[in-house]
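Throughout, numbering of the chain's residues begins at 1 and tracks the sequence. One-based numbering, in listed order, for ligands and for the atoms of each.
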Amino acid sequence: MNDLIRMLVEAYGPSGFEDGIREIIRPLVEPHVDEVRVDAMGNLIAFKRAAGGQANPHKVMIAAHMDEIGVMVSHITEKGFLRFTNIGGVFSHTLMGGRVRFEDGTLGVIGSDRIDDRSAIHPLSKHFIDVGATSREDCPVRVGQAANFDRPFEARGRHLTAKSMDDRIGCVVAIEALRHLPADIAHDLYFVFSVQEEVGTRGAEVAANGIMPDVSIALDVTLTGDVPEARPMDVSLGSGPAIKVKDSGMISHPGLVRLMRRRAEEAGITYQMEVLDGGSTDARAMQLAGPGSVAGCISIPCRYVHSPSETVDAEDVAGAVALLVALLTGDMEL
Ligand code: CO
Ligand code: ZN
């Protein structure tokens with residue numbers, strides 16, 4: 001699975017610029033579904049029809065977002081340095097000395113304006129990107145171009161570290177589940193690799209309004225409470241996939257939470273319960289789309305979310321795949 005993870009996390013794809021990552025994912029899902037399409041916003045929708053003879057199959061939408069946080073050039077100085085704005089939740093304290101990469105491969109180093117007070121952190125607006133240009137004229141990058149943070153994938157035993165685990169690891173879970181699903185599923189399955197989650201779950205909103213699912217399941221990362229001085233949270237790395245009960249944007253459908261727990265227990269999958277004190281996922285958009293849907297989320301615990309070294313545990317990832325397969329394979333009595 002590490003080769004697949006590396007391929008996805010090292011790919012370029014800030015919110016709004018998902019064409020490249022979509023073309024990587026498309027051939028990986030095509031052999032396992034009946035139909036693949038791309039909607040106007042760029043969501044990749046892979047449809048697997050319910051086995052024949054099903055009277056009223058549930059419509060189940062599974063969403064993993066393929067976009068990632070990044071930056072966008074907003075101004076180029078006379079000397080060829082780039083000022084930038086954030087794409088999604090970019091934290092100033094993760095920037096200085098970091099590297100970004102544009103779609104054409106151009107690498108930039110992040111510097112900051114003079115620091116007088118070392119106890120303070122400059123805002124984003126006092127950082128710049130150095131692409132080696134000496135003037136606006138010889139700068140290889142234009143205003144409006146986007147870059148992602150640049151960092152190679154590293155496997156350290158079970159701990160897997162990279163940029164954009166949020167949420168390429170959810171994409172990996174979706175792809176692996178498609179590979180392992182039996183042929184005769186009783187529900188219509190819509191696997192959506194969504195765009196623009198990091199700027200407000202915009203892709204999933206559009207996709208869900210098009211699909212109108214009865215049941216919605218997001219696959220995304222969640223925070224952990226297991227590092228020094230962490231905000232108290234009952235999720236830790238390596239303790240299994242987390243079943244979301246609540247985050248700051250949604251409350252999961254209790255029947256779906258119960259079903260996830262039961263399926264995990266029947267299949268002998270170690271799991272944890274997630275109550276997240278901030279952030280939300282595509283599950284919120286799916287829950288609220290159209291007339292609403294029964295929504296929940298399988299979360300992959302992740303340390304250092306929205307930094308260039310997001311870290312997950314390989315066993316949690318495998319557990320998330322197993323839980324999703326177990327959930328989709330059986331009845332959906334909620
Ligand atoms: Co995120
Ligand atoms: Zn995410």
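Looking at every heavy atom in both residues, Pro140 comes nearest to Gln145 through O-OE1, 4.3 Å.
Taking the Co ion (ligand 1) as reference, Glu198 places its N/O/S atom OE2 nearest.
Within the 3.5 Å criterion, the main-chain N or O of Arg202 finds no donor-acceptor partner in the side chain of Gln196. Checked by atom type and distance alone, the side chain of His65 pairs as donor or acceptor with a backbone atom of Asp67 at under 3.5 Å. No donor-acceptor pair closer than 3.5 Å links the side chain of Asn43 to the backbone N or O of Ile45.
Only protein N, O or S atoms were scored, and 4 of them lie under 2.8 Å from the Zn ion (ligand 2).
When the shell of 6.0 Å around CZ of Arg261 is examined, it contains 12 or fewer heavy atoms from other residues, nucleotides or ligands.
Residue pairs meeting the salt bridge (charged side-chain N to carboxylate O under 4.0 Å, His left out) criterion with at least one partner in residues 168-190, sequence neighbours excluded, are Glu68-Arg168, Glu176-Arg179.
Paired with Asp150 under the rule salt bridge (charged side-chain N to carboxylate O under 4.0 Å, His left out), one option of Lys163, Arg99, Arg101 passes, and it is Arg101.
Our summary of the site lists the angle at the Co ion (ligand 1) between OD2 of Asp166 and NE2 of His306 as 90°, to the nearest 10 degrees.
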